[in-house]
Amino acid sequence: MANVTVYLTGSVAAYKGVEVVRGLQKKGHDVRVVMTESATKLVGPTTLAALTKHPVLTSLWDEKDPIPHIELADWTELAVVVPATANIIAKMANGIADDAASTTLLATAANKVVVPAMNSHMWAAPATQRNLATLKSDGVVIMEPASGRLAEGYSGKGRLPEPDEIVAFLTAQLTAKGPLAGRRVVITAGGTREPIDPVRFIGNRSSGKMGVALTQAAINAGAKVTLIVGQVSVPLPQSPRLEVISVETTEQLHAAVDKAFTDADALIMAAAVADYKPVNVADHKVKKSVEHNDWAIDLTETTDVLKTVAHAKKDGQVVIGFAAETHDLIANAQKKLQTKGADVIVANSVSGENGAFGNDQDQVTILAAGSDADKWPAMPKVQVAEKLIDLLDKKLKSGD
Ligand code: CTP
């Protein structure tokens, strides 16, 4: 586990920084805290000293040790500025060292992550954007703020992401040495849409939760992930090791998978891909009753992406597919294992209230050639995802 220094600066979101400290501790990291003077007006240093069991550095002049900031800078393996104001970002970008926080940051050689939180106009200001670009080119990782309601009462970009999202982002930073470090994994998530006319489409009920959970688990295990994503109803993870490609139709998804999988180690097809698309897509909105009383739409089959890509995979590449079934789960999923050419099929039921679509829980059965069906107990999708990434790791290692 790592030595993490959390820098709290003077944003009203400082209280969320306390949650980040706790979240990092829960993951087993040793956390020490530095606060700017403004931050101490928003959160008590005593609280953080009690939580971390370390003194909180707030000034360069109060300590018995005249250079406590150098000891702290050297101790640090990851420095996290959360929440980061426009002011600390400007100081970091320009090498200004005029208080305990900015001086210790300048003295820190460790990797740095900045999680900004500020008013949306301050965020968009050219000076802030210039400073962020400088930090990025200096190798500092920036976690983008969320959009939503700001403390000022209006909406915009600049909100601090939720503490658990920040902890997941930092965990990914710290575990780049995980079992999948150096591996490239392509994951598809969400549902595709096939247009009927400019306003209508054929879609499905996929929430994207499983694909998103798999993405986070793969990042946490150290992999570089390309997430090819259709329609999802959950926020996407953020990570410096994540590339997101948004697609709408099956054909777009196919093209993106083809390209990304060429030099990847693994593909996980968690997307709910449309099997059929309209033969003709109207270029204008089809008008009610004038053009149709009854309306039959001719459909034609789309490409089976999993089947096409899995059959063409290279030695050592691992492909995992899903089987979404409403009945005869195992028999249907076994058929998919045989026909699709995937190394593993994850079978899950999508019927009834406990079906996989949209639920946070999932009960899956793992099918792989040469092994018995392995029925996993029902568990949160996040846990299913972690176990699947473990399984992927084993498959990759056995093929090495
Ligand atoms: N899949 C795909 N391309 C398609 C349809 C499905 O790549 N055109 C992938 C899915 O991402 C999933 C697997 O194939 O990993 C199985 O999808 P599923 O919907 O369960 O099965 P289908 O192949 O569509 O067959 P059916 O609709 O008959 O169950």
Side-chain angles (χ1 to χ4, degrees), residues 1-9 13-35 39 43 47-57 72-84 104-105 108 110-117 140-146 160-183 185 209 212-225 234-242 360 379-390 392-393:
M1 290 296 117
N3 294 341
V4 183
T5 302
V6 172
Y7 292 77
L8 293 175
T9 70
Y15 69 96
K16 286 194 190 170
V18 181
E19 287 297 308
V20 174
V21 169
R22 289 173 58 90
L24 288 168
Q25 286 181 312
K26 277 192 201 137
K27 298 265 177 204
H29 303 300
D30 194 2
V31 184
R32 290 167 69 174
V33 173
V34 181
M35 295 171 82
V43 192
T47 310
L48 285 147
L51 278 176
T52 59
K53 302 188 178 61
H54 288 295
V56 173
L57 186 67
L72 183 55
D74 292 344
W75 172 88
T76 303
E77 288 169 275
L78 181 72
V80 187
V81 190
V82 56
T104 315
L105 278 165
T108 298
N111 288 339
K112 299 182 190 82
V113 176
V114 164
V115 193
V140 176
V141 172
I142 314 288
M143 185 178 184
E144 292 278 309
L160 194 75
E162 290 309 312
D164 55 345
E165 290 166 16
I166 299 172
V167 172
F169 186 90
L170 299 173
T171 304
Q173 281 287 312
L174 288 161
T175 51
K177 303 183 205 83
L180 293 186
R183 301 279 194 187
V185 180
K209 280 182 187 166
V212 165
L214 281 161
T215 301
Q216 187 67 63
I219 292 168
N220 290 351
K224 272 194 168 173
V225 180
V234 289
L236 300 183
Q238 284 196 47
S239 165
R241 280 180 284 109
L242 173 64
D360 290 327
M379 60 184 102
K381 278 186 178 169
V382 170
Q383 237 168 294
V384 176
E386 283 167 3
K387 278 175 68 92
L388 285 174
I389 294 299
D390 278 351
L392 171 64
D393 178 39

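Atom CG in Leu180 sits 6.0 Å away from atom CG in Leu392 (nearest 0.5 Å). With rounding to the nearest 0.5 Å, the separation of CG in Leu72 from OG1 in Thr104 is 6.0 Å. Rounding to the nearest 0.5 angstrom, the gap separating the CG atom in Asn3 from the CG atom in Asp74 is 11.5 Å. Note that CG of Leu48 is 5.5 Å distant from CE of Met35, once rounded to the nearest 0.5 Å. A distance of 8.5 Å separates CG in Leu160 from OH in Tyr15, rounded to the nearest 0.5 Å. Residue Asn220 holds its CG atom at 11.5 Å from CZ of Phe169, rounded to the nearest 0.5 Å.
In this structure, Thr52 and Gln25 have side chains that are in contact, with non-hydrogen atoms separated by less than 4.5 Å. Side-chain atoms of Glu77 and His29, non-hydrogen and from C-beta on, never get closer than 4.5 Å to each other. Using a 4.5 Å heavy-atom threshold, the side chains of Val141 and Asn111 count as separate. No side-chain heavy atom of Val56 sits less than 4.5 Å from a side-chain heavy atom of Leu8. Looking at heavy atoms from C-beta onward, Leu170 lies in side-chain contact with Val80 at the 4.5 angstrom threshold. Considering only heavy atoms from C-beta on, Gln173 stays 4.5 Å or farther from Arg241 through its side chain. Taking the side chain as every heavy atom from C-beta outward, Asp360 and Pro380 never approach each other to under 4.5 Å. The shortest side-chain heavy-atom distance between Leu174 and Val4 falls under the 4.5 Å cut-off.
Here the shortest heavy-atom pairing between Thr76 and Ala110 reads O-CB, 3.2 Å. For the residue pair Val82 and Ile166, the shortest heavy atom distance occurs at CG2-CD1, 4.0 Å. Scanning all heavy atoms of the two residues, the minimum distance from Val212 to Pro235 falls at CG1-O, 3.7 Å. Scanning all heavy atoms of the two residues, the minimum distance from Met143 to Glu165 falls at CE-O, 3.7 Å. Nearest heavy atoms, Val43 versus Ala14: CG2-CB, 3.5 Å. Taking each heavy atom of Ala13 and Pro83 in turn, the nearest pair found is C-CG, 3.8 Å.
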Test log, rule side chain to side chain contact (heavy atoms under 4.5 Å, CB included), inputs Lys16 and Glu162
CA-CA 8 Å; Lys16 286 194 190 170; Glu162 290 309 312; 3.5 Å; yes

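Within the structure, the salt bridge (charged side-chain N to carboxylate O under 4.0 Å, His left out) test picks out the following pairs touching residues 24-34 (sequence neighbours left out): Arg32-Glu71.
The salt bridge (charged side-chain N to carboxylate O under 4.0 Å, His left out) test applied to Lys112 returns no partner, not counting sequence neighbours.
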